[in-house]
Amino acid sequence: MAKITHKPAPRKAGVPKKKAKAAAAKPKAPAKKSLKAIKPNSMKPWTPAEIREVFSRFQQANPEPRGELEHVNPFTLLVAVVLSAQATDAGVNKATRELFRVADTPQKMLDLGEERLREYIKTIGLYRTKARNVIALSAKVLSDFGGEVPRTRAEIESLPGAGRKTANVVLNMAFGEHTMAVDTHVFRVGNRTALAPGKTPLEVELGLERVIPSEFMLHAHHWLILHGRYTCLARKPRCEVCLINDLCRWPEKTV
Ligand code: SF4
């Protein structure tokens with residue numbers, strides 16, 4: 001029979017005897033993050049019934065959600081969205097309230113001119129570039145589209161200063177199309193809840209369009225923006241008052 005010995009493990013060169021003993025006796029605690037990640041439903045895929053439940057709750061709480069960018073017609077909506085890039089809706093509204101009183105059509109905007117337009121919007125970030133774009137887009141709406149805001153994505157995206165998000169907002173709010181504009185709030189909510197995880201706004205947009213039942217699509221963009229702006233806040237989400245906290249998949253939710 002082999003003789004059992006209890007030889008101490010060889011000590012690493014350079015490690016003092018006392019320290020080596022303490023390290024051997026004290027197993028390392030697991031990192032906190034990995035403990036947090038094991039919440040019960042964090043990895044569970046969403047079922048169609050759960051997604052329907054999310055949007056039914058949003059609908060019940062706010063049947064007719066409104067966007068917060070002030071406008072009086074499709075043209076002023078288009079201008080407001082172009083001005084809102086990297087700015088808050090409240091900041092844009094403060095400037096456009098006066099502006100839209102004097103210039104609510106492409107022709108009036110051209111008559112106002114770039115220099116005077118700059119004066120109205122100088123409190124908004126990047127106002128010089130934005131003023132140039134608004135004048136150029138007004139000219140293009142007049143010359144190429146008979147003075148009316150165009151109704152297709154490609155045409156809206158062809159206007160100076162207008163990108164995919166602008167087209168989605170205008171198509172949805174002015175023309176009632178089922179588009180999903182992804183701003184910083186929608187991007188965060190799509191990822192946190194795991195309704196539509198994605199590395200880019202386009203991935204989140206397409207993911208949301210895929211999973212949201214069509215009867216909710218007209219208002220889904222506003223429900224998600226308002227949810228991100230007032231409940232699922234970037235730094236400190238208010239999970240305790242969140243309508244969908246029992247369904248949300250975020251491992252770090254606080255309920
Ligand atoms: S539970 Fe918290 S993290 Fe999840 S959607 Fe609600 S506020 Fe956001």
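Here the structure is a predicted model, which is why all the values come from computation and not from measurement. Remember, it's 1-based here, ligands and their atoms both numbered in the order they're listed.
- The ring-ring contact (aromatic ring centres under 6.0 Å, His included) pairs that include a residue from residues 118-141 number zero, where partners must be two or more places apart or lie in different chains.
- No side-chain donor-acceptor contact under 3.5 Å links Lys140 to the backbone of Pro160.
- Of the charged side-chain nitrogens involved, at least one lies within less than 4.0 Å of a carboxylate oxygen, so that Arg164 and Glu205 count as a salt-bridged pair.
- Between Arg153 and Glu157 there is a salt bridge, with a side-chain nitrogen of the basic residue lying less than 4.0 Å from a carboxylate oxygen of the acidic one.
- A salt bridge is absent between Arg116 and Glu119: the closest approach of a Lys/Arg side-chain nitrogen to an acidic carboxylate oxygen does not fall below 4.0 angstrom.
- Side-chain N or O atoms of Lys130 include one that pairs as donor or acceptor with a backbone N or O of Gly125 at under 3.5 Å.
- The set of protein atoms (N, O or S) found at less than 2.8 Å from atom 6 (Fe) of ligand 1 reads Cys242 SG, by chain and number.
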